[in-house]
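Lettering follows sequence order; numbering is per chain, from 1. What you see is a predicted model, and the numbers here were worked out from it, not measured in a lab.
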2 protein chains.
Amino acid sequence: MDSQGSFPLGPSSLTEALYESVRKRIVNGEIAPGEKLTEVRIASEYNVARPTAKACLERLTALGLLRRSVHKTAVVPKLGEDEIRDLYFSRETVERAAVAALARRGVVPPAAVRAQAAMKAAATDMAFESQVEADIAFHSALVAGVGSRRLSRMHEVILGEVHLTMGQFQAHRTTHPMNVAHEHDAILKAIEDADPEAAQQRLTHHLDQAQDRLIGQLRREGGAVEEPPEEAPA
Amino acid sequence: MDSQGSFPLGPSSLTEALYESVRKRIVNGEIAPGEKLTEVRIASEYNVARPTAKACLERLTALGLLRRSVHKTAVVPKLGEDEIRDLYFSRETVERAAVAALARRGVVPPAAVRAQAAMKAAATDMAFESQVEADIAFHSALVAGVGSRRLSRMHEVILGEVHLTMGQFQAHRTTHPMNVAHEHDAILKAIEDADPEAAQQRLTHHLDQAQDRLIGQLRREGGAVEEPPEEAPA
DNA sequence: TCATGAATACTTGCCTGACAATTCTGCGCG
DNA sequence: CGCGCAGAATTGTCAGGCAAGTATTCATGA
């Protein structure tokens, strides 16, 4: 049958384009959590060789967007309560350091205010996914504004999992986007005032609320299975 | 032609063993900074197929232990002053969060005191590389003690680059290992006393000193070339 | 009927071999 | 002495294949 060759690839290098496309499909929830992603499936869907698909799955696994152990099929994970707490603990660690550094300088990254504007514009009429992306762009710009390549890299990985988790709760959004927009404003204000303590405190408040919303949704609906830690660190 | 097959592989899976071996050779400075690592070289040295070697280089590149852009050979990087500052900024971010969390609980991870004991034992007579490894084990245990998988993962990446940089200055060590041992003790003491502020303050002092030592050595000897940032973040 | 064990299909780990595209190197020419 | 160009070196991607491990199904025995 002709079950292959329907997902178009982006512009850049083949591996890169494949990676980006699969990544998007995962974080958008287009590929459901728990769904299995075999190498041959990716290979045939995109008309690429199996090694290429393999490399793609390995990259996604390294980023935490897929889980797999040896000789087993990769599945997109569904984070349980503990995992979400761990994720947000790490996220707070990175972003607190970022806003503190920014506030110490007292300069707000231009990209952050741009993202914030886009967020407000998307608040009323745009699709949920657009709001999520605007929110992520804001936090991403905040960290990028520090100018630390390594901090940004760590944050990128974390935001990947955050995006994934938010995408999985897409259907039942209960958040008012204007609320988070106001919280964003408060953070920017504190940075502008060169007040590191306040900036950190407001960021923590913001993230704690987001975490609570996620965990609340998780408890309400599919409490489902919590996967065990896949690997005991030596 | 018997020009191949001289580096023995470890016990585990082939890819894993290959990765570990090459990683060790890099962080130990056995492969000099600036040296080029081609896929075929690795493949022939270890008697593995080129795709296997390729995967290995890709993993090391993702960890920051190698640098390469498309179609160019991977080289082991030599961190410049700015890079070292960035590295230690990220390191402080992660480790400060770790010791604060530990101090809030008031419990010292047993693995950390074990590593600390090993460090003191190695202080006088053992080789420099053993001291470095004991030091790294101590900080690693500190972060692992928090129990956050994601924090540990971030830290692991950072320590990889730290290890690499320390290994490159192997010859000209000027540090008295007992000094750093005492600083470690002070950190543990603050954690035990459940004093997060003190723990963070002492950790910062410890890391700042280490950073200054590294930068001092860098300035003294090969100021050399500082490689430009390989990629402009979007 | 239900539980247990064996055979089969599926999937991944790793290999050989090959071709195209790109980058690097050295040589000759203006 | 600078410049461009051909050849070499290196990587990106593919095809095909075998071995090994995992999951599933089916048949057999209690």
Side-chain angles (χ1 to χ4, degrees), chain A residues 1 3-5 7-23 26 31 34-62 65-77 225 227-228 230-231, chain B residues 1-5 7-23 31 34-62 65-77 225 227-228 230-231:
Chain A
M1 20 185 120
S3 69
Q4 52 190 18
F7 290 102
L9 291 183
S12 132
S13 137
L14 183 66
T15 310
E16 201 65 25
L18 176 66
Y19 162 74
E20 268 308 328
S21 174
V22 176
R23 173 194 160 88
I26 290 178
I31 301 179
E35 192 168 342
K36 290 201 287 189
L37 273 182
T38 72
E39 298 178 358
V40 294
R41 173 185 162 185
I42 299 294
S44 72
E45 274 185 356
Y46 287 94
N47 265 356
V48 297
R50 189 162 73 97
T52 308
K54 179 191 185 66
C56 171
L57 294 183
E58 271 166 4
R59 278 180 71 177
L60 291 168
T61 302
L65 267 52
L66 286 177
R67 298 266 168 98
R68 80 163 152 180
S69 21
V70 280
H71 278 291
K72 277 198 286 194
T73 310
V75 301
V76 5
V225 282
E227 51 257 288
E230 72 267 29
E231 198 169 342
Chain B
M1 52 209 102
D2 58 353
S3 69
Q4 48 194 14
F7 289 104
L9 291 182
S12 130
S13 136
L14 184 66
T15 311
E16 201 65 25
L18 176 66
Y19 162 75
E20 267 308 326
S21 174
V22 176
R23 173 194 162 88
I31 302 179
E35 193 168 342
K36 290 200 287 189
L37 274 183
T38 72
E39 298 178 357
V40 292
R41 174 183 163 186
I42 299 295
S44 71
E45 275 185 356
Y46 287 94
N47 264 355
V48 297
R50 189 163 72 93
T52 308
K54 178 190 185 64
C56 171
L57 294 184
E58 271 166 4
R59 278 181 70 177
L60 291 168
T61 302
L65 267 53
L66 286 177
R67 299 266 167 98
R68 82 161 152 180
S69 20
V70 279
H71 276 290
K72 277 196 286 194
T73 309
V75 302
V76 5
V225 282
E227 52 257 288
E230 73 266 30
E231 200 169 342

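B:L37 contributes atom CG, which lies 4.5 Å from atom CD1 of B:I31 (distance to the nearest 0.5 angstrom). The distance from atom CG of A:L65 to atom CZ of A:R23, rounded to the nearest 0.5 Å, is 6.0 Å.
Taking 4.0 angstrom as the limit, B:S69 places none of its side-chain polar atoms (N or O) nearer than this to OP1 or OP2 of C:dT23.
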Can you give me every donor-acceptor pair (side chain of residues 49-59 of chain A, partner residue at least two apart or in another chain, under 3.5 Å) with its distance?
unit_1: A:R50; atom_1: NH1; unit_2: A:E39; atom_2: OE1; d: 3.0
unit_1: A:R59; atom_1: NH1; unit_2: A:E16; atom_2: OE1; d: 3.3

Atom pairs under 3.5 Å, N or O on each side, protein against nucleotides 18-22 of chain C: can you list them with distances?
unit_1: C:dA18; atom_1: N6; unit_2: B:R50; atom_2: NH2; d: 3.1

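Under the side-chain contact (heavy atoms from CB on, under 4.5 Å) criterion, B:K36 pairs with B:T73, B:V75, sequence neighbours left out. Every residue meeting the side-chain hydrogen bond (donor to acceptor under 3.5 Å, both in side chains) condition with B:E35, not counting sequence neighbours, appears here in chain and number order: B:R41.
Remark: the backbone N or O of A:A17 is not paired with any side-chain donor or acceptor of A:S21 at under 3.5 angstrom.
B:N47 has its CG atom 14 Å from the C1' atom of C:dT16, to the nearest Å.
When each of A:E39 and B:A53 is assigned the nucleotide of DNA chain C with its nearest heavy atom, A:E39 is the one assigned upstream, toward the 5' end.
The outermost nucleotides of DNA chain D lying under 4.0 Å from heavy atoms of chain A, listed 5' to 3', are D:dT13 to D:dA23.
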Please assess B:V22 against B:L18 for the test side chain to side chain contact (heavy atoms under 4.5 Å, CB included), listing each intermediate value before the final yes or no.
CA-CA 6 Å; B:V22 176; B:L18 176 66; 4.1 Å; yes
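Side chains of A:Y19 and A:T15 form no contact here, defined as non-hydrogen atoms less than 4.5 Å apart.
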